[in-house]
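Letters go in sequence order (proteins before strands), and every chain restarts at 1.
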2 protein chains.
Amino acid sequence: MLPEKDCSRAMLSIKDALEAVEGRWKLLILYSLCSGPKRFSEIGREVAGITDKTLAKELKALQANKLIKRDVYDTSPPTVEYTITKHGRSLNKVLYELWNWGLAHRKEVIGK
Amino acid sequence: MLPEKDCSRAMLSIKDALEAVEGRWKLLILYSLCSGPKRFSEIGREVAGITDKTLAKELKALQANKLIKRDVYDTSPPTVEYTITKHGRSLNKVLYELWNWGLAHRKEVIGK
DNA sequence: GATAGTACTTTCCCTTTGGAAAGCACTATC
DNA sequence: GATAGTGCTTTCCAAAGGGAAAGTACTATC
């Protein structure tokens, strides 16, 4: 499965992947964008509890990782739309495995 | 793939999984234990840069998640041995997917 | 001319995290 | 009797993270 010899390289990739997904908010934002492009305040409303500051920061991180894209339309006041990218959607397999293992983990650890 | 209706439940499992794996150290410790049971100071030596305090904390977290087990032998000074569990090994699939996606992610985002 | 809305940014402050270093109880060794 | 080693814990401190709330530049609306 995982290359034993090349452990440090594998760790690098795994860290990259974890970084793209870690934290309380990134997945929730991504989920929110699954149902279509949304604007800043829309996402803020859908992702319950997130502050403007945090939302702005997370959106930047997601952009930097090319999981979402940001489009500005020249209206007034300007409209900004966030869309999940193909790369963002490709996280699905990872999330599925995490979900799967997380279920087994719950059973194993919490027993419920 | 992922249940859309049951998004918040799925999120719970995913968070469980992420929590078990997140941070700079847990995977390194787990990797170190792949090659056989080890003692506290051995792990400390293998996982370069980790402090005693952090190692103790991470080992507790891994234990709580049943990814490793801790055995104390009644020698003097007492010997404590850490072993990866079957559940710990079952993380393999998740790590494989993370590794895989992480590789694609590197290509996509860093382009190298 | 006051208010509201958009997409953020900034400031303040508090909590958490994490490293460095020392401590500790015990024993074996020199 | 001093030193070393074991498996941690404790203390100190600095940096980072994150929420609350207000600010900003602009425009449209009443």
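Sorted by first and then second residue, the salt bridge (Lys or Arg N to Asp or Glu O under 4.0 Å) pairs involving residues 57-69 of chain B (not counting sequence neighbours) are B/Lys26-B/Glu58, B/Lys69-B/Asp71.
Axis deviation across the helix from C/dG1-D/dC30 to C/dC30-D/dG1 amounts to 30°, comparing end segments of five pairs, rounded to 10 degrees.
A/Tyr73 places its OH atom 23 Å from the P atom of C/dG5, with the value rounded to the nearest Å. The CD1-P distance, from A/Ile29 to C/dA7, rounds to 15 Å in whole Å. The interatomic distance linking B/Glu42 (CD) with D/dG7 (C1') rounds to 13 Å, in whole Å. Distance A/Leu59 CG to C/dT9 P: 10 Å, rounded to the nearest Å. When the P atom of C/dC26 is taken as reference, atom CZ of B/Phe40 falls 19 Å away, rounded to whole Å. Going from atom NZ of B/Lys38 over to atom P of D/dT6 covers 15 Å, rounded to whole Å.
Taking the side chain of B/Lys60 as heavy atoms from C-beta on, and the options D/dG7, D/dT9, C/dC8, the nearest nucleotide is D/dT9.
Between B/Arg39 and D/dT6, a side-chain N or O to OP1/OP2 separation shorter than 4.0 Å is absent.
Across all strands shown, A/Tyr82 has heavy atoms under 4.0 Å from sugar-phosphate atoms exclusively, and none from any base.
With a 4.5 Å cut-off on side-chain heavy atoms, A/Tyr73 and A/Glu81 count as touching. Taking 4.5 Å as the limit, some side-chain heavy atom of B/Leu18 sits within range of a side-chain heavy atom of A/Leu27.
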*Which letter, B, S or -, goes with each nucleotide of nucleotides 14-30 of chain D from 5' to 3', with contact meaning a protein heavy atom under 4.0 Å?*
----BBB------SS--
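In plain terms, the two heavy atoms of A/Ser90 and B/Trp101 that are nearest each other are OG-NE1, 2.9 Å.
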